[in-house]
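Data block below; observations after.
Since this is a predicted model, take the numbers as computed values, not measurements. Letters go in sequence order (proteins before strands), and every chain restarts at 1.
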Protein chains: 2
Amino acid sequence: MNLKELAESLNLSPTTVSRALNGYPEVREETRSRVMAAAKAVNYAPNARARRLATGRAMTIGHVIPLTGRAEMVNPIFADFLIGAGEVYAREGYDLLLSMVPETETEAAFRQLAANGSVDGVMVQAPQENDPRIGLLTELGLPFLVHGRTGDAMDYSWLDIANMRAFRRATDFLLDLGHRRIALLNGQESFDFAHRRRRGFEAAMAARHVPTLPHLMVSEAMTESFGYLSASSMLDGPEPPTAFLASSVIIAIGIRRAAAERGLRMGRDISIICHDDELSYLNNDIGGPAFTATRSSIRAAGGRCAEILIDLIRHPGRPAVQELWDVGLMVGQSTGPCNG
Amino acid sequence: MNLKELAESLNLSPTTVSRALNGYPEVREETRSRVMAAAKAVNYAPNARARRLATGRAMTIGHVIPLTGRAEMVNPIFADFLIGAGEVYAREGYDLLLSMVPETETEAAFRQLAANGSVDGVMVQAPQENDPRIGLLTELGLPFLVHGRTGDAMDYSWLDIANMRAFRRATDFLLDLGHRRIALLNGQESFDFAHRRRRGFEAAMAARHVPTLPHLMVSEAMTESFGYLSASSMLDGPEPPTAFLASSVIIAIGIRRAAAERGLRMGRDISIICHDDELSYLNNDIGGPAFTATRSSIRAAGGRCAEILIDLIRHPGRPAVQELWDVGLMVGQSTGPCNG
DNA sequence: ACAGCAACCCAAAGCGCTTTGAAAATCTTC
DNA sequence: GAAGATTTTCAAAGCGCTTTGGGTTGCTGT
């Protein structure tokens with residue numbers, strides 16, 4: 001059943017039916033309800049393909065996920081972000097186009113999306129320092145929103161958490177507990193967020209004149225085994241840390257395993273703080289948080305990012321939107337005074 | 001730049017240009033390359049919206065993810081599956097439409113997709129026993145592929161792993177090692193896969209006349225804390241298990257934590273086998289598998305599912321395709337003879 | 001030199017919707 | 001009750017592509 005047939009069955013023109021269905025004011029209330037009823041009766045839904053062509057809007061937002069062949073460990077994070085964004089898209093009538101491309105082809109992918117008009121805007125995740133995507137998208141004139149930001153910051157829309165401040169606060173917390181040999185297990189520092197977190201850590205240490213130890217600072221894709229292996233070798237080596245700062249709960253789980261193997265009790269013999277993205281399947285709450293953590297829901301971020309992006313699409317020419325979220329520190333059972 | 005303009009600039013008709021670009025034989029090789037060159041020069045890409053309308057094909061495949069508000073812990077699994085499928089879609093020129101809807105609205109979502117023609121087919125994941133989606137999609141005439149299957153099996157296309165056989169084999173392995181009190185930490189049994197796994201476990205036990213103990217069989221969303229809490233209470237309770245069989249690596253990590261806390265060494269004091277979906281961020285290989293595991297890549301499954309679904313879309317009316325993957329058991333360091 | 005046949009190219013008709021510009025119907029106002 | 005204003009409806013022109021059903025052109029063979 002298409003619009004024309006529906007119109008014929010109602011003895012109305014397609015124009016009127018279209019307007020009735022889309023809520024235009026030029027149609028009498030009585031007619032509108034008659035049309036609505038008929039549409040529902042025959043289960044009519046306007047053909048999305050035709051509608052998109054006619055309106056020139058794709059009603060679709062693109063997420064381009066670069067595949068590095070190895071480090072898509074980010075994917076539990078992507079997944080939660082996607083869910084948060086997807087809920088908002090659905091609510092606002094937008095579709096979500098997910099595109100997985102080899103990292104080397106992301107530029108081509110964006111150009112393609114822009115040229116063939118299959119999306120109205122795109123979401124950019126996990127920016128690297130000096131991420132080329134930002135310049136590209138600006139040039140292409142495709143609305144976009146960055147989750148995170150790049151070094152210089154600037155004239156584009158983004159939403160980010162205060163990574164530096166969060167890690168500075170977390171480090172201060174450990175320092176206040178008397179810890180001095182603090183290890184940082186960070187994400188890959190090519191990502192801007194990891195870079196900021198390290199700077200937060202270093203700033204806190206420097207402010208107290210505590211030296212940072214190079215062998216206690218590592219950064220890599222955030223996996224459980226990274227946490228386990230790094231913590232193991234640090235704990236077995238000279239000058240073992242008395243506290244760990246980790247960029248994700250997954251890393252912290254690995255650290256915990258290494259500590260447990262060595263008979264170290266969390267919160268007594270060893271302290272751990274991590275950043276918790278509140279991933280839905282990695283609940284850090286069992287009657288109070290297990291790990292002391294800086295905490296910020298990645299899913300909520302996804303939702304808010306979607307809202308902003310849709311707004312950007314609906315109101316082109318509006319100035320860039322920038323939103324910085326502060327992050328709370330939740331004290332759990334994994335931290336305690338230093339006794340090393 | 002659109003087709004018409006491009007044609008004018010070449011002094012050709014839109015027809016010819018379209019054919020040249022799409023590889024039809026009615027155009028001279030020389031003309032074709034002239035067109036191709038011009039298209040590349042001006043960075044022309046056919047408008048996807050117009051093309052979809054003209055061809056009647058959406059060149060898009062839908063994944064509908066039901067949100068239960070709580071148990072989207074499945075999402076690390078969804079994510080890897082999506083990546084596998086997405087790679088194939090990209091290769092074959094299909095877009096991936098991801099739709100997150102509250103569980104109660106999945107039926108409406110499918111009807112909508114079918115009626116407005118925004119997808120050519122859909123992927124169904126994590127079927128429940130007697131999953132209503134299968135009947136619905138059949139009725140709607142929308143091509144679909146199920147990853148997993150439902151109780152009765154039957155006249156639709158699916159790809160699944162041999163869950164029952166895998167868990168039977170894993171259980172046999174533990175029984176051969178002398179274990180008798182074996183605990184099963186399963187996923188939610190409303191999902192078909194979990195149901196089959198339990199039957200595999202029970203069949204193996206029954207074949208050796210070893211009783212299954214109700215208090216050692218639990219099933220819930222597959223999280224680390226589920227593994228930890230269940231294992232903790234089992235180990236502290238009467239008749240503690242000497243071995244665990246877990247439906248996912250994440251659960252196994254939780255079990256390991258509970259064991260470590262109690263000073264039990266994996267592979268000596270306690271044995272653990274799990275099913276490993278080879279999630280990219282949960283590597284179970286650090287010079288040989290850490291956990292003994294039945295192993296099957298969910299990402300590879302995603303890729304193969306995508307291939308089959310595309311095939312189904314391209315050749316309607318073809319009989320249903322059914323593919324059952326056998327699963328290997330990889331012996332790691334987490335199992336050993338029973339000495340309980 | 002002419003039919004017969006490829007090879008090559010084109011005009012025009014959709015695909016199913018939205019939207020413009022105008023007509024028809026209804027309501028005001030004096 | 002007629003002119004003007006307003007509401008309601010419609011015909012037709014796109015949106016940018018694909019595809020059908022011819023035409024042209026140039027090449028065979030006789």
Side-chain angles (χ1 to χ4, degrees), chain A residues 1-36 38-39 42-60 93-95 112-120 314, chain B residues 1-36 38-39 42-60 93-95 112-120 314:
Chain A
M1 172 67 80
N2 61 23
L3 183 69
K4 198 171 142 203
E5 291 163 7
L6 179 62
E8 276 164 9
S9 81
L10 282 162
N11 277 323
L12 286 172
S13 74
T15 309
T16 306
V17 176
S18 169
R19 283 182 168 150
L21 258 23
N22 292 309
Y24 283 79
E26 301 93 335
V27 32
R28 201 172 11 156
E29 242 353 282
E30 184 211 317
T31 311
R32 185 194 308 284
S33 51
R34 198 160 62 94
V35 172
M36 294 289 220
V42 300
N43 195 24
Y44 167 79
N47 182 300
R49 297 189 293 263
R51 186 203 275 257
R52 290 186 225 264
L53 178 58
T55 59
R57 275 172 276 125
M59 293 308 285
T60 300
Y94 280 83
D95 281 341
Q112 181 75 11
L113 285 181
N116 80 175
S118 47
V119 301
D120 299 319
R314 288 196 181 137
Chain B
M1 172 67 79
N2 63 22
L3 184 68
K4 197 170 142 207
E5 291 163 7
L6 179 61
E8 276 164 10
S9 81
L10 282 162
N11 277 325
L12 287 172
S13 74
T15 309
T16 306
V17 175
S18 170
R19 282 181 167 152
L21 258 22
N22 291 311
Y24 284 80
E26 301 92 335
V27 32
R28 198 172 13 157
E29 239 355 280
E30 185 210 316
T31 311
R32 186 192 308 283
S33 51
R34 199 159 64 92
V35 172
M36 295 288 221
V42 300
N43 196 24
Y44 168 78
N47 182 301
R49 296 190 293 261
R51 187 202 274 257
R52 291 186 225 264
L53 177 58
T55 59
R57 275 172 276 125
M59 292 308 286
T60 301
Y94 280 83
D95 281 341
Q112 181 74 10
L113 284 180
N116 79 173
S118 48
V119 301
D120 299 318
R314 289 199 179 134

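- Look at B:S13 and you'll find a side-chain N or O under 4.0 angstrom from OP1 or OP2 of C:dC10.
- For the pair B:K4 NZ and C:dA11 P, the computed distance is 12 Å after rounding to whole Å.
- Among D:dT18, D:dC15, D:dT8, the nucleotide with an atom closest to any side-chain atom of A:E26 is D:dT8.
- Atom CD of A:E5 and atom P of C:dC15 are 10 Å apart (whole Å).
- Between B:T55 and B:P25, the residue anchored nearer the 5' end of DNA chain C, judged by the nucleotide with its closest heavy atom, is B:P25.
- In this structure, B:S18 reaches the D:dT18 phosphate: one of its side-chain N or O atoms is under 4.0 Å from OP1 or OP2.
- Regarding contacts with the backbone of C:dC9, a side-chain N or O of B:T31 is found under 4.0 angstrom from either OP1 or OP2.
- Taking both residues in full, the closest heavy atoms of A:T60 and A:S118 are given as CB-O, 3.5 Å, listed atom of the first, atom of the second, then distance.
- If you take CE of A:M1 and P of C:dC17, they are 11 Å apart, rounded to a whole angstrom.
- Considering only side-chain atoms of B:A50, the nucleotide from D:dG16, D:dT9, C:dC9 that sits closest is D:dG16.
- Not one N or O on the side chain of B:N116 forms a donor-acceptor pair closer than 3.5 Å with the backbone of A:P46.
- For B:L12 and D:dG23, the CG to P distance is 21 Å, given to the nearest whole Å.
- Among all heavy-atom pairs drawn from B:P14 and B:A7, the shortest one is N-CB, 3.6 Å.
- A:D95 contributes atom CG, which lies 11.0 Å from atom CG of B:D95 (distance to the nearest 0.5 angstrom).
- Nearest to the side chain of B:N22, among C:dC10, D:dT18, C:dT18, sits D:dT18.
- Considering only the side chain of B:T16, C:dC9 comes nearest among C:dC9, D:dT9, C:dC17.
- For B:E29 and C:dA6, the CD to P distance is 20 Å, given to the nearest whole Å.
- Residue B:N47 contributes atom CG, which lies 6 Å from atom C1' of D:dG16 at whole-angstrom precision.
- Between B:L53 atom CG and D:dT19 atom C1' there is a gap of 13 Å when expressed in whole angstrom units.
- Across all strands, A:N116 comes closer than 4.0 Å to no nucleic acid atom at all (heavy-atom distances).
- The separation between A:R49 atom CZ and D:dG16 atom P is 18 Å, rounded to whole Å.
- Checking the phosphate oxygens (OP1, OP2) of C:dA7, no side-chain nitrogen or oxygen of B:R28 falls inside 4.0 Å.
- Distance CZ/A:R52 to CG/A:N47: 9.0 Å, rounded to 0.5 Å.
- The phosphate of D:dT19 (OP1 or OP2) has no side-chain N or O of B:R19 nearer than 4.0 angstrom.
- Residue A:Y24 has no polar side-chain atom (N or O) positioned under 4.0 Å from OP1 or OP2 of D:dT9.
- A:M1 and A:E5 make their closest contact through CA-OE1, 3.3 Å (heavy atoms, listed as atom of the first residue, atom of the second, distance).
- Taking 4.0 angstrom as the limit, B:T15 places none of its side-chain polar atoms (N or O) nearer than this to OP1 or OP2 of C:dC9.
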